[in-house]
2 protein chains.
Amino acid sequence: MGRLKEFDEDKAIDGAVDCFWARGYEATSVRDLAEHMGIGGASLYNAYGGKRALFVTVLERYANRSSRERIARLEATGRPRQAIEAFLAEIIDRSLKDRARKGCLLVNSALDVAPHDAEIGKVVAGYLEEIRSFFQRCIEAGRDAGQIPRNIDAVGVSAHLLGVLLGVRVLARTRPDRALLESVVRPALDLLNRPAMPGTRRKIATD
Amino acid sequence: MGRLKEFDEDKAIDGAVDCFWARGYEATSVRDLAEHMGIGGASLYNAYGGKRALFVTVLERYANRSSRERIARLEATGRPRQAIEAFLAEIIDRSLKDRARKGCLLVNSALDVAPHDAEIGKVVAGYLEEIRSFFQRCIEAGRDAGQIPRNIDAVGVSAHLLGVLLGVRVLARTRPDRALLESVVRPALDLLNRPAMPGTRRKIATD
DNA sequence: ACATTTTTAGAGCAATCGATACAAAATACC
DNA sequence: GGTATTTTGTATCGATTGCTCTAAAAATGT
């Protein structure tokens, strides 16, 4: 029943992602959105409800296409420790290739809109938690595979890795320098290669 | 000479800090600013030039009152490793007490306005570099004092600490949970308490 | 007292904001 | 073909944006 949609919904949402990603939520106008989505303002409100509702849709599209895709792809390799390393390496590469300085839409949203909008805040927190639990699964699998020391705390270190990841994405916005970003990450990766016994005096093997 | 200013310049700038801090650059209107500064719109433009120029002034005030104050205070204690620990602990405490979820103005600006404004980007990058170099000085001083293992790379680990710090501030915006934030920080602090390279003969610090 | 300089309040500028009203156009079902 | 339903383009709503203009008010210098 009714007239058919004339625009490509996938391309429209991708256009909306580009808009919000490049300019941020507040700075993006409905007219900007409509233009980059290839539709009129009326169609935008008819199909997506409005700016805020569209933003939630955009967040999910972004999460599916970036972090969830990466998690699924790396986890499927069956090499847990290398998956963590590759995840962080890809983020650094993405940040350095990002000439427009758009950063990560989830991180941008976590600071820009999440604190002022409880619902969006929960959505963003959920996506970040997915990344942390990916790290946790990798650590646990790596322990079982003998790749990662048994005595490291999977929950705690996964939070550490998430924090380091977020730090990289923030720092890259003002200082996209490979040496700097790799320095941020390196100690976290070293942690996975050698035992950590905080507060315990331990002997070091001599060579 | 002409007519004297009738408003308190310090209170006015503090009001502007509160505005930009709570709402972000774009979402803060000149009328909001003027109201919270206790002045009229004309006085704002007369005294500070406009919204953007005022924001640069606000950034400097914020940096002086928060990170620079903290760096000076902790560095003056003469206990480098504890200074690093206290810095991160204070950030966690601040993040948890921050009911309004304002976060850190410098971090917010690094994502919100810095990528779209080269001058402000350099200003923000400079303030972040001040924090990193504080960490570096602490590490070097701690090494000399025997508090911190000699074989850790002061420049690299200072970047790691800055990254962890930024990660904490981002994560706290959507998930202000003490256990989570302390997990982010803990491995970085452990790094300062024990050797980083397996197979290297060295002493364990026991302070 | 007078001229000069600066600050102040208030009105108002063009532009843009998110959102909506309305009717023409396009489809499906009968 | 007729009717119902949805999408579309256009025009526009009131509100708000950053900013400026004007003129009165308040200070100093002579």
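Throughout, protein chains are lettered first and strands after them, A, B, ... in sequence-line order, and every chain is numbered starting at 1.
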From CG of B:L44 across to P of D:dT17 the rounded distance in Å is 14 Å

Within residues 21-35 of chain B, those residues having any heavy atom closer than 4.0 Å to DNA chain D are B:T28, B:S29, B:V30, B:R31

Rounded to whole Å, the CD-C1' distance (A:E9 to D:dT6) equals 13 Å

Quick note, salt bridge (charged side-chain N to carboxylate O under 4.0 Å, His left out) partners involving residues 11-35 of chain B, not counting sequence neighbours, are B:D14-B:R61, B:D14-B:R65, B:R23-B:D32

So the salt bridge (charged side-chain N to carboxylate O under 4.0 Å, His left out) pairs with at least one residue in residues 41-59 of chain B (sequence neighbours excluded) are B:R52-B:D117, B:R52-B:E119

Sorted by chain and residue number, the salt bridge (Lys or Arg N to Asp or Glu O under 4.0 Å) partners of B:D98 (sequence neighbours excluded) come out as none

side-chain contact (heavy atoms from CB on, under 4.5 Å) filter on A:A22, not counting sequence neighbours, yields A:K102

The salt bridge (Lys or Arg N to Asp or Glu O under 4.0 Å) partners of A:D153 (sequence neighbours excluded) come to none

Report task. Would you sort out whether B:I13 and B:T57 count as a side chain to side chain contact (heavy atoms under 4.5 Å, CB included), showing the intermediate values? Result -> CA-CA 8 Å; B:I13 294 187; B:T57 304; 3.8 Å; yes

Counted 5' to 3', the first and last nucleotides of DNA chain C within 4.0 Å (strictly under) of a heavy-atom of chain A are C:dC17 to C:dC29

The side-chain hydrogen bond (donor to acceptor under 3.5 Å, both in side chains) partners of B:N108 (sequence neighbours excluded) come to B:R173

Hits for salt bridge (Lys or Arg N to Asp or Glu O under 4.0 Å) against B:E6, two or more places apart or cross-chain, chain-then-number order -> B:R3

Once base and sugar-phosphate atoms are separated, protein heavy atoms under 4.0 Å mark nucleotides 22-28 of chain D, 5' to 3', with B, S and - as ---BBBS

So salt bridge (charged side-chain N to carboxylate O under 4.0 Å, His left out) across residues 127-144 of chain A, not counting sequence neighbours, yields A:R68-A:E130, A:E75-A:R137, A:E129-A:R132, A:E129-B:R175, A:D144-A:R150

Whole-Å distance, B:Y48 OH to D:dG18 P, equals 17 Å

Across all chains, not counting sequence neighbours, the salt bridge (Lys or Arg N to Asp or Glu O under 4.0 Å) partners of A:R70 are A:E90

